Peer 1: 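Attaching a single structure in structure tokens format; questions to follow.
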Number of protein chains: 2
Amino acid sequence: MAAKRRPTLADVAREVGVSAKTVSRVLNEDGPVSAETREQVLAAVAKLGFQPNLMARNIRVGGPDTTIGLVIPDLANPFFGAVARSIEDTVRDRGLTLLMGSSADDPDRERSLTDKFLARRVSILMVVPSVGADHSHLKPHRAAGLPVVFIDRPGAGLATDSVVSSNRDGSHEGVAHLIAHGHRRIGFIGDLPTKLYTRRERLAGYRSALGDADIPYDRSLVASAHDQRGAEAATSKLLGLADPPTALFAGNNIMALGIVAELARSKRKDVAVVAFDDVSLAEALEPALTVVAQDPEEIGRTVAATALARLDGDRSRARTVTVPTRLIVRGSGEQPASGAREA
Amino acid sequence: MAAKRRPTLADVAREVGVSAKTVSRVLNEDGPVSAETREQVLAAVAKLGFQPNLMARNIRVGGPDTTIGLVIPDLANPFFGAVARSIEDTVRDRGLTLLMGSSADDPDRERSLTDKFLARRVSILMVVPSVGADHSHLKPHRAAGLPVVFIDRPGAGLATDSVVSSNRDGSHEGVAHLIAHGHRRIGFIGDLPTKLYTRRERLAGYRSALGDADIPYDRSLVASAHDQRGAEAATSKLLGLADPPTALFAGNNIMALGIVAELARSKRKDVAVVAFDDVSLAEALEPALTVVAQDPEEIGRTVAATALARLDGDRSRARTVTVPTRLIVRGSGEQPASGAREA
DNA sequence: CTGAAAGCGCTAACAG
DNA sequence: CTGTTAGCGCTTTCAG
């Protein structure tokens, strides 16, 4: 019942009647060891169920640990889940392990996570930066060789690599699609806070598409929400306007869920919709949901590849990689622009 | 450009002109320290940007590390993402950090992950066990006090806590719902491998519901798939049968996506559907998707609470907690059971 | 091919 | 209130 001490190198050495260093040699395929000793050591390791203490090893070796610190806003958001999986797939064969945490887009939680990760001497730090977070405290670490990569948004106060989607162009393309189908009153529902990089970029794309078509920007057509419920309310609010939109553009996947759910609930098939970021079942909706698809797998791969290159000594200038989005036309952007038929 | 050595306790001590232990005392609020020394130390810490090396600390203190090892099949699966988030939310205030990895349901990858986690002396191990994985190697660790909790499925070769959904009852309820609406030929599309615990349990619930209604079990109505595409193919296969099903039961969220997508593609509104596990946009489909909803948040909370209780010394017998599912009727289970109208 | 000693960064256990 | 010594589990360094 008292927690038994886990066996150590010394225990194994004692068992075989050899020195700790010899055991270490066998385990790390370091210096030369006679075949016989080797077998005995391996047998003892198996018998005692010995597992080397990685932390002790790391302490002594001194280098960074074989872990990667990854901070994302929400482990349950499918977009970030897909990015995380892609990162893991890319770093797996390097033997790196993921230390993960969700920040809930709160700078304090983000900081607390990155501090913990740094205290564990992660070999790489990957962060989806929260609005309001300052990253200048990472400067010395970057300078000391720690690869830091920002995901989905650029970070503040630190010049380092980042990987983002083509938010502005993608959004522009999506809104232009609506315009091409005759819509002139197009609502935008974005997430919060409004200072969020992706929100701002996507709104900029929305505005530039309107501008290209000489459609005046109408602030009253822009709404915001924190979550799906909020997006539903925002949808309902926009459609209740005196001069309501005939089309809606969703600023991200969660906003898309809210818009689609609310339109379904109120049986409004006459409202065109385009969403930024793909969602599952988009093709099964009626009409099927047209989206500006992001490429989370490619984002994850790029993040991981960039970080690994840095780890391998790449000292080139910090760069921002933009991963292209792709308009997937499925029908929902082509609803008649004839306005609401009936409430 | 040469990676500067990170400052250590000794560096801080030297800077202030005090001993290492004193610095340690300040940082850990250990013994008493004069206010003055305290300020000086804190200043030096800030100046040097010192961050204590958690691994070194842990080595010395000897106890388990403040990390939790979590193995799930796929970081990108929303169900497991939700479970992971809930776990994290529950353990956060205990200062525990998540070490995560996806096994892809491969026993070897699972083993490699758990071995890594053990080598890092995680304080808790949480695993969604893969089919074919044996966990007897964890026995000594469990015996030595390491809490091990299986998630979503029981593990093999180790008596320990597990948290699962009420698969059999939930599935029974979902199928009974279809039967109540007149369906007698009900297809089952489950995931692979067929030996998967959740698959078996849900199939058992399906069979028992059929049995209760004196509907004979027809093997040809049971299909399997690995992923959404496969589920689409399986759907199409079942509907192409000479005597096709009038209703389909999805064995999990991914199968549900495939079934719904295929029915939408082939414009088959006459097929009733009930899915095990909720999916986003379920209520926006036409008809809205009736599901047997799991409760990933509650699963995560229970997993975390169980593990923490063990960590706090709970030595009671290993238990299996079943988290109830809930039938959410939205309409898709009530399609007319009049058979296929037309191919 | 193998071992002894020293030390990674930190804290426990005693001193003072 | 503070410092010293020892040692966590491992590897480096240097001798055998």
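Residue numbers start from 1 in every chain, and the chains themselves are labelled A, B, ... in the order their sequence lines are given, proteins ahead of strands. Because the structure is predicted, anything quoted here is derived from the model rather than measured.
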Peer 1: In terms of side-chain geometry, is the basic nitrogen of A:Lys21 or A:Asp30 positioned less than 4.0 Å from the acidic oxygen of its partner?
Peer 2: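 Yes, this pair counts.
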Peer 1: So what does A:Ser34 touch, heavy atoms closer than 4.0 Å: a base, only the sugar-phosphate, or nothing?
Peer 2: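 A:Ser34: backbone/sugar contact only, no base atoms under 4.0 Å.
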Peer 1: Could you give the distance from CG (A:Leu146) to NZ (A:Lys139), rounded to the nearest 0.5 Å?
Peer 2: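 Rounded to the nearest 0.5 Å, the CG-NZ separation comes to 15.5 Å.
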Peer 1: Below 4.0 angstrom, which residues in residues 46-61 of chain A have at least one non-hydrogen atom near DNA chain C?
Peer 2: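 Those residues whose heavy atoms fall under 4.0 Å from DNA chain C, taken from residues 46-61 of chain A in numerical order, are A:Ile59, A:Arg60.
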Peer 1: Nearest to the side chain of B:Arg25, heavy atoms from C-beta on, is which of D:dT2, D:dT12, D:dT11?
Peer 2: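 The listed nucleotide nearest to B:Arg25's side chain is D:dT2.
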Peer 1: Any idea which of D:dC10, D:dT12, D:dT2 is nearest the A:Lys21 side chain?
Peer 2: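 The answer is D:dT12, which lies nearest to the side chain.
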Peer 1: Under a 3.5 Å distance rule, please check whether B:His135 uses its side chain to pair with a backbone N or O of B:Ala156 as donor and acceptor.
Peer 2: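 Answer holds: yes.
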Peer 1: Can you find a side chain N or O atom of B:Thr22 that sits less than 4.0 Å from OP1 or OP2 on D:dG3?
Peer 2: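 It does, given that an N or O in the side chain of B:Thr22 lies less than 4.0 Å from OP1 or OP2 of D:dG3.
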Peer 1: So A:Asp105 and A:Arg153, salt bridge (Lys or Arg N to Asp or Glu O under 4.0 Å) or not? Walk me through it.
Peer 2: CA-CA 12 Å; A:Asp105 268 321; A:Arg153 317 160 186 171; 2.7 Å; yes
Peer 1: Backbone N or O of A:Ser130 within a donor-acceptor pair of the A:Glu110 side chain at under 3.5 Å?
Peer 2: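 Answer holds: yes.
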Peer 1: Rounded to whole angstrom units, what separation is found between the CG atom of B:Leu27 and the P atom of D:dT2?
Peer 2: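 Checked: the CG to P distance equals 15 Å.
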Peer 1: Quick one: does A:Leu96's side chain get under 4.5 Å of A:Leu308's, heavy atoms only?
Peer 2: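 Result yes, sub-4.5 Å side-chain heavy-atom pair found.
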Peer 1: Can you work out whether A:Pro7 or B:Thr37 has the more 5'-proximal nearest nucleotide on DNA chain D?
Peer 2: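 Per heavy-atom nearest nucleotide, the more 5' residue is B:Thr37.
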Peer 1: Side chains of B:Arg142 and B:Thr160: any donor to acceptor distance under 3.5 Å?
Peer 2: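 There is such a pair between these side chains.
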Peer 1: In this structure, how many angstroms lie between the P atom of D:dG3 and the CG atom of B:Asp30, rounded?
Peer 2: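 It is 14 Å, rounded to the nearest whole Å.
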Peer 1: Would you grab the first and last nucleotide of DNA chain C (5' to 3') that comes under 4.0 Å of any non-hydrogen atom in chain A?
Peer 2: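 Listed 5' to 3', the contact boundaries are C:dC1 to C:dC8.
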Peer 1: Give the minimum heavy-atom separation between A:Glu297 and A:Ala82, together with the two atoms involved.
Peer 2: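 Nearest pair, atom of A:Glu297 first, then A:Ala82: OE2-CB, 4.0 Å.
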